[in-house]
There are 2 protein chains.
Amino acid sequence: MDLIAIYECLCDVTRLRILNMLLRGPLCVCHFQAVLREPQVKISKHLAYLRARGFVAATRRGNWMVYALPPHRPRELAANLACLQDCAAEHPVFRRDRLRLDRLAPVLPKAGPCACARTASRRAQT
Amino acid sequence: MDLIAIYECLCDVTRLRILNMLLRGPLCVCHFQAVLREPQVKISKHLAYLRARGFVAATRRGNWMVYALPPHRPRELAANLACLQDCAAEHPVFRRDRLRLDRLAPVLPKAGPCACARTASRRAQT
DNA sequence: TTTCTATATTCCTCAAGCGGAATATTGTAA
DNA sequence: TTACAATATTCCGCTTGAGGAATATAGAAA
């Protein structure tokens, strides 16, 4: 009954927000930190939780870790993610996260440092 | 963020099975006992859990308690129940519960003792 | 009233998950 | 190498929920 595992994963606000962000596309950890504004350890642990259960996939890119929803999602996961996306569309917290995310990084670059790092160095330049 | 409360409620197999049964219509406690075949205290406590959070409504009918999904369901609850119904259609446990339920009580009578009681006395007569 | 039946509640123990502080790891850059 | 930056892990205290045994309640029946 892996439905239970799915619901357990959806039981936490931080994880919901992470998944909501990932519904837009792959992201690196600094994105989560910048958008969620939660302590690093908290974000890292929830990412580990999701990863251990196969709800997200992680890839290292130099110093950065890129997280994404798994390419092949079982029917139940897909259904519940769709449901979450639906519900999230109305919740202020999720909407705000999406806005912050759009402002932060239009898309994740295919290579090189993540957007956070680039904006940080850009800030340093100006 | 009452989405969390919904997911927390869906985290337990027994509660999922109860909700799956209730998606067909109102039921009394003996139905749950007959179909789920779990200890009385377990069923009662999960019903209390669901009731305390407004996920089911309860009415007394003489000695029996009739449980039902609440008449007016917030959008998120409705969405997730629909999703559950979808997922349940494929899971052996849920399907078996539905079958047992259909065999047990085609419909809940509008008044009088519940079907369990009637079948029990019918058994006693024969 | 007393008794019975259906259901709920209390008390207990146990395991799991959360959050945070501190620390470890891994890759890059100097 | 050494130092640094990004991220992960460990340890700890706390809370919550699950399950079961025993007991309580509420209504019907005798």
Phosphate oxygens OP1/OP2 of [N]: is one of them under 4.0 Å from a side-chain N or O of [X]?
X       : N      : value
A:Arg53 : C:dG17 : yes
A:Tyr49 : D:dT9  : no
A:Arg51 : D:dT9  : no
A:Arg15 : C:dC18 : yes

Heavy atoms from other residues, nucleotides or ligands near CZ of A:Arg73 exceed 12 (cutoff 6.0 Å): yes

Just compare [options] and give me whichever is closest to any side-chain atom of [X].
X       : options               : answer
B:Pro39 : D:dT9, D:dG20, D:dA18 : D:dG20
B:Val29 : D:dG19, C:dT7, D:dT7  : C:dT7
B:Asn63 : C:dG27, C:dT10, C:dA6 : C:dA6
A:Ser44 : D:dG19, D:dA8, C:dA8  : D:dA8
A:Val41 : C:dA8, D:dT10, C:dT9  : D:dT10
B:His46 : D:dA18, C:dT9, C:dC18 : D:dA18

Sugar-phosphate only, base, or nothing, as touched by B:Glu8 at under 4.0 Å among non-hydrogen atoms: nothing

Sugar-phosphate only, base, or nothing, as touched by B:Phe32 at under 4.0 Å among non-hydrogen atoms: nothing

Any donor-acceptor pair under 3.5 Å from A:Asn80 side chain to A:Glu76 backbone: yes

Donor-acceptor pair, side chain of B:Arg95 and main chain of B:Ala89, under 3.5 angstrom: yes

d([atom1], [X]; [atom2], [N]) in whole Å:
X       : N      : atom1 : atom2 : result
A:Ile4  : C:dG17 : CD1   : C1'   : 16 Å
B:Tyr7  : C:dG17 : OH    : C1'   : 19 Å
B:Trp64 : C:dT5  : CH2   : P     : 11 Å
B:Leu50 : C:dA8  : CG    : P     : 12 Å
A:Lys42 : D:dC14 : NZ    : P     : 19 Å
A:Leu27 : D:dA6  : CG    : C1'   : 16 Å
B:Leu36 : D:dG19 : CG    : P     : 12 Å
A:Arg61 : C:dT26 : CZ    : P     : 21 Å

Under-3.5 Å donor-acceptor pair between B:Lys45 side chain and D:dG17 base: no

Any donor-acceptor N/O pair under 3.5 Å between C:dA6 base and B:Gln40 side chain: no

Any side-chain heavy-atom pair of A:Asn20 and A:Leu16 under 4.5 Å: no

Single-linkage hydrophobic cluster, 4.5 Å side-chain cutoff, A:Phe94 and A:Leu23 together: yes

5'-most by nearest nucleotide on DNA chain D - A:Ile43 or B:Thr14: A:Ile43

DNA chain C: 5'-proximal contact among A:Arg60 and A:Glu38 (nearest heavy atom): A:Glu38

Test side-chain hydrogen bond (donor to acceptor under 3.5 Å, both in side chains) applied to B:His46 and B:Glu38, B:Arg51, B:Arg15, the passing residue: B:Arg15

